[in-house]
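In what follows, a single structure is set out as structure tokens and then discussed.
It should be emphasised that the depicted structure is a prediction, and the values quoted were computed from it without experimental measurement. Chain letters run A, B, ... following the sequence lines, proteins first and then strands; every chain starts at 1.
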Amino acid sequence: MFEGLLLHHEIIRQRFESETRVINHVEGGWPKDVNPQEMEQTVRFRKKVEKDKHYFSTMMQLGSNMEHSIKQNNAINIYQEYFEGEEEEVVEESKPSMFLNPNKIKHTATSLSWHPDGSRKLAVAYSSLEFLKVFKDISYNSDIWNIENRNKPEMTLKPVSPLVCLEYKPPKTLTSWSEIATMARSVAAYWDTRKEHSHRDPVYKVIWLQSKTGTDTFSASKDGQVLGWDIRKMSEPTERLVLDPNKKCNPDNALGVISLEFETTMTTTFMVGTEQGLLVSCNQKAKSPPEKIVCTYSGPTGPVYALQKNPFFLKNLTVADWKAHIWSEDIMWTNLQVCDEALYSQKVQDNGCFLACGHQGGRGRGERRGGRGRGERRGRGRGRGERRGGRGRGERRGGRRGGRGEAEEEERRGGRGERRGGRGERRGGRGRASAEEGEGERRGGPRRARERRGGRGRAPRRASAEEGEESAEQGAEGRGRGSAEEGEGEERRGGRGERRGGRGRGERRGGRGRGERRGASNAHLKKRSGRNKVLKGLSEQNKRFQNSFDINTFFTNPVSFSH
Amino acid sequence: VTVLIHHCILYKKAEVEETLKRIQGQKGVQGIIIVNAEGIPIKTTLDNSSTVQYAGLIHQLVMKARSTVRDIDPQNDLTFLRVRSKKNEIMIAPDKDYFLIVIQNPSD
């Protein structure tokens, strides 16, 4: 039996089970006295650590380091994919160019006109609208610039007195551009010598008539007359129309005319915008003067600075004063309160959808006119806003004044093309300087206007900024007239070539766009203060030049924003 | 005296808490872990398993990084380590005795 038991033991083998396991060091490093499974013990350990002095100092230091890095990460994501899907684009020459006026005394460019055959010539008229003040050494020259040559004007016109308005002839005729010099000069310059025949007040607007002879033109001025001239016979106007609302041809009642625009299809009818806010539709071919005034619309409540006919919807007409109105012939469709300040010029885009307005504050707003005046979207913040539609079009036009809007100009010219300015700075932001100056000058305007007209807005001239603004507002008619001309004169380029594919600037894409907009708003702010500066020292001429200087410095900055 | 020390400690503790709260409140921060030199997570805002995982793995990474820096230049030392990945960024501020680990999702 004993032997049997031993055998049993030898035969039976023990089983040994083995298993493969990975050792997961879940929590390491716990001191020996702490059992990691016991929550109480671990918590106690942690609390003890948290009370350690060394822990505090270390944590403070590490914390501040860490915060810095976190903020860095939040500020900018350096690993972000920028410019996704963008192709390389060739950016045309898009820097603003300055055409320096070689005169010593800088004065405003009151009118610009591009050469109608699409070449790069630009005529600028310099003048001062403070006609009551006589400048001693002021130069009367107006220049014609070729935009490729920025140092010197290609040609200088030397009229007897400064030109206020300048227009290139539409390309219907074969006459060269020299014709216009004659035209403008004689009309504007001789206003003081030919009192009985010509305008008594400065001519503010000159437009060419599409006629067979190609030599007819109309001029309008603040004295309320719209005169038709034949340039071959400059001694006397061929027609005279006195804008009297009572249709009586009484020159004393006449309304000052600020803007003038033809209907595109009917060359015998034109609309006249006046200081008092009336729009007068006139028929040129009417036999007697009273019949010429066909009807008047009294929609706008302020001076009508710019008119434009919509080339597409023939009945639309936009008007700018403090608001932009969209009219049809008979009824007023919409009345957009575009911005709070006076609008000086505006322009309808080619396809009729966008309306751009420039105003005194230098802001341009774009509105989209959906078909019938519905669906307006207001573009705030710089005139950029809506302007959309593809690339080439959608440029915002408008006499921009003020710091922003370089890009607008750019686009207007298709990314190229400079605007000239009286001070040589007119171009994008720079260009504003002259516009500002123009404003400055024109602040003297209201006073003059008041004197002449009486009852215009009697605020006495004050030199302080706020008051200056007020009086400037009241004297709005004095303001910006030239600029309205400028805006229009410029745009009236025969609608050609102005809106070229806006390259470079107009595009806002991705990160680039954002940055630009930011810059823009800054520029906007700068502009505001710049304008105040202008308003301040307006009563004296010297100050005016100083102020324009200030504006210059303002505008040399931003421009990265090319709107 | 012990009462004074206790108050000092409490004040400092509050400061540390405040710093951590501030970090936690920054945009994109997903979690904070404080790990000691042995790899024990002292404080964390994540769940336990993630915490433990981060603590263990990052500890090794920091050690390696630090030794790399010191090997290249013995006078040098590691001050900060950032691990940028597709989904987030792990920032580690190392010290002799403690690490501060912050996981952040960068701004988008």
Please round to the nearest 0.5 Å and tell me the distance separating atom [atom1] of [X] and atom [atom2] of [Y].
X: A:Lys47; Y: B:Ile42; atom1: NZ; atom2: CD1; value: 13.0 Å
X: A:Glu50; Y: B:Ile34; atom1: CD; atom2: CD1; value: 7.0 Å
X: A:Thr58; Y: B:Asn36; atom1: OG1; atom2: CG; value: 11.5 Å
X: A:Ser69; Y: B:Gln104; atom1: OG; atom2: CD; value: 9.0 Å

Side chain, backbone, both or neither of B:Phe80 within contact of chain A (heavy atoms, under 4.5 Å) =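 Contact with chain A is through the side chain of B:Phe80 alone.
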
Please name the residue in the list B:Asp95, B:Ile101, B:Ile23, B:Val102 that meets the side chain to side chain contact (heavy atoms under 4.5 Å, CB included) test with A:Leu62.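 One option only clears the test, and that one is B:Asp95.
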
| A:Arg46 side chain to B:Ile40 backbone, donor-acceptor under 3.5 Å |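 No.
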
A:Asn74 side-chain N/O to B:Lys27 backbone N/O, donor-acceptor pair under 3.5 Å:
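Yes: the side chain of A:Asn74 pairs with the backbone of B:Lys27.
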
Kindly indicate whether the side chain of [X], heavy atoms from C-beta on, has any atom under 4.5 Å from the side chain of [Y].
X: A:Gln72; Y: B:Arg82; value: yes
X: A:Phe56; Y: B:Glu15; value: no
X: B:Arg84; Y: A:Asn73; value: yes
X: A:Tyr55; Y: B:Lys43; value: yes

Give a yes or no on this: more than 12 heavy atoms of other residues, nucleotides or ligands lie within 6.0 Å of atom NE2 of A:His54.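 Yes, enclosed.
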
query = For A:Phe45, is it the side chain, the backbone, both or neither that has a heavy atom under 4.5 Å from a heavy atom of chain B?
reply =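 Contact with chain B is through the side chain of A:Phe45 alone.
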
Looking only at heavy atoms, what is the nearest atom pair of A:Met66 and B:Ala93, with distance?
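That closest heavy-atom pairing would be CE-N, 3.7 Å.
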
